[in-house]
K.L.:
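Below you will find the structure I want to go over with you.
Throughout, residue positions are numbered sequentially from 1 according to the sequence presented. When reading the values below, keep in mind they use all heavy atoms of this one structure, side chains included, and skip hydrogens, waters and symmetry mates.
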Amino acid sequence: QVQLVESGGGLVHPGGSLRLSCTASGIIFSAYTMGWYRQAPGKQRELVATITGGNSNYADSVKGRFTISRTNTRNTVYLQMNDLKPEDTAVYYCKASRYSAYWGQGTQVTVAS
């Protein structure tokens with residue numbers, strides 16, 4: 001049984017930082033592309049960042065502010081989010097992709113004064 005469990009969301013002021021974590025079980029973690037996606041109210045889910053091996057990819061809206069990383073020995077992928085803006089407010093989801101795709105349950109990030 002595959003499980004992805006996100007943590008680290010919360011309420012932060014504009015300009016602040018958060019670090020999201022996603023720990024996977026039931027998969028060979030190192031073989032999977034791991035990604036972070038987000039969905040704001042009334043909007044479609046969108047890609048934030050992905051990492052395959054040592055290669056990462058970012059949405060233009062987060063380049064230079066967010067960093068994705070992974071620790072294969074801990075089956076965990078991280079998203080360091082700096083200089084957060086109100087438009088970053090969304091539910092953030094972790095995704096594991098290889099031949100199949102698996103999603104976490106999401107964690108809320110709210111950026112507000």
Side-chain angles (χ1 to χ4, degrees):
Q1 180 181 352
V2 179
Q3 275 194 312
L4 301 177
V5 180
E6 300 106 331
S7 61
L11 172 65
V12 64
H13 294 310
S17 298
L18 283 174
R19 187 196 197 203
L20 306 183
S21 299
C22 170
T23 300
S25 59
I27 60 172
I28 302 173
F29 182 80
S30 60
Y32 278 70
T33 293
M34 299 302 298
W36 288 98
Y37 293 72
R38 66 187 181 187
Q39 188 166 18
K43 295 188 176 181
Q44 290 190 329
R45 192 171 298 189
E46 63 177 3
L47 180 146
V48 175
T50 62
I51 185 167
T52 305
N55 297 315
S56 55
N57 176 58
Y58 297 91
D60 287 343
S61 59
V62 306
K63 280 181 182 176
R65 300 188 298 123
F66 291 10
T67 303
I68 189 170
S69 61
R70 64 192 297 163
T71 301
N72 289 339
T73 55
R74 295 185 176 183
N75 285 7
T76 300
V77 61
Y78 305 96
L79 186 69
Q80 177 66 44
M81 305 186 293
N82 298 328
D83 189 23
L84 282 159
K85 306 175 186 297
E87 52 264 41
D88 295 317
T89 295
V91 178
Y92 284 70
Y93 297 90
C94 174
K95 180 184 179 183
S97 305
R98 193 183 180 193
Y99 304 117
S100 300
Y102 304 96
W103 292 90
Q105 82 287 352
T107 185
Q108 177 70 46
V109 171
T110 302
V111 185
S113 308

K.L.:
For the hydrophobic clusters of this structure (ILVMFWY residues joined by side-chain heavy atoms under 4.5 Å, transitively), does one cluster hold both F66 and L11?
P.N.:
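Per the 4.5 Å side-chain linkage, F66 and L11 are not co-clustered.
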K.L.:
Under 4.5 Å between side-chain heavy atoms, hopping through other hydrophobics if needed: is there a path connecting W36 to L4?
P.N.:
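Same cluster.
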K.L.:
Can you tell me how far apart CD (Q44) and CD (Q39) are? Round to the nearest 0.5 Å.
P.N.:
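Answer rounded to 0.5 Å: 8.0 Å.
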K.L.:
If every non-hydrogen atom of A49 is compared with every non-hydrogen atom of L79, which pair is closest and at what distance?
P.N.:
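Heavy atoms only, the tightest pair is CB-CD1, 4.4 Å.
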K.L.:
Has E6 got a side-chain atom pairing as donor or acceptor with G106's backbone, closer than 3.5 angstrom?
P.N.:
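Confirmed, E6 side chain pairs with G106 backbone.
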K.L.:
Using the salt bridge (charged side-chain N to carboxylate O under 4.0 Å, His left out) criterion, which residues pair with K63? Sequence neighbours excluded.
P.N.:
D60
K.L.:
So M81 and V111, do their side chains get closer than 4.5 Å, heavy atoms only?
P.N.:
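No. Closest side-chain heavy atoms not under 4.5 Å.
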K.L.:
Rounded to the nearest 0.5 Å, how far apart are CG of L20 and OG1 of T76?
P.N.:
12.5 Å
K.L.:
Listed by chain and number, what are the side chain to side chain donor-acceptor pair (under 3.5 Å) partners of S69, not counting sequence neighbours?
P.N.:
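None.
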K.L.:
Under 3.5 Å, is there a donor-acceptor pair between the S17 and N82 side chains?
P.N.:
yes
K.L.:
Looking at CZ of F29 and OG1 of T71, how far apart are the two atoms once the value is rounded to the nearest 0.5 Å?
P.N.:
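Answer rounded to 0.5 Å: 8.0 Å.
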K.L.:
Measure from the side-chain N and O atoms of S56 to the backbone N and O of I68, and report whether any donor-acceptor pair falls under 3.5 Å.
P.N.:
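No, the answer is negative, given that no donor and acceptor are paired below the 3.5 Å cut-off.
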K.L.:
For T110 and T89, does a side-chain donor sit closer than 3.5 Å to a side-chain acceptor?
P.N.:
no
K.L.:
With a 4.5 Å limit on heavy-atom distance, are the side chains of D88 and R38 in contact?
P.N.:
yes
K.L.:
Classify the ring geometry between Y102 and Y32 as parallel (under 30°), tilted (30 to 60°) or perpendicular (over 60°).
P.N.:
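It falls in the tilted class, 30° to 60°.
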K.L.:
Please check if Y92 and L18 belong to a single hydrophobic cluster, counting links between Ile, Leu, Val, Met, Phe, Trp and Tyr side chain heavy atoms closer than 4.5 Å.
P.N.:
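Same cluster: Y92 reaches L18 through Ile, Leu, Val, Met, Phe, Trp or Tyr contacts under 4.5 Å.
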K.L.:
Take the angle between the ring planes of Y37 and W103 and call it parallel below 30°, perpendicular above 60°, tilted in between.
P.N.:
perpendicular
K.L.:
Which atom pair, heavy atoms only, marks the closest approach of A90 to A40?
P.N.:
CB-N, 3.8 Å
K.L.:
Is there a donor-acceptor pair under 3.5 Å between the side chain of H13 and the backbone N or O of A112?
P.N.:
yes
K.L.:
If you round to the nearest 0.5 Å, how far is OH of Y93 from CD of Q105?
P.N.:
9.0 Å
K.L.:
As an exercise, state the distance from CZ of R70 to OG of S30, rounded to the nearest 0.5 Å.
P.N.:
7.0 Å
K.L.:
Quick one: do V48 and V12 end up in the same hydrophobic cluster if we chain Ile, Leu, Val, Met, Phe, Trp and Tyr together by side-chain heavy atoms under 4.5 Å apart?
P.N.:
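As far as the 4.5 Å side-chain criterion goes, V12 and V48 are connected within one cluster.
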K.L.:
For residues I27 and V5: do they belong to one hydrophobic cluster (side chain heavy atoms under 4.5 Å, members Ile, Leu, Val, Met, Phe, Trp, Tyr)?
P.N.:
no
K.L.:
With rounding to the nearest 0.5 Å, note down the distance linking CE in M34 to CG in N72.
P.N.:
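The distance works out to 9.5 Å.
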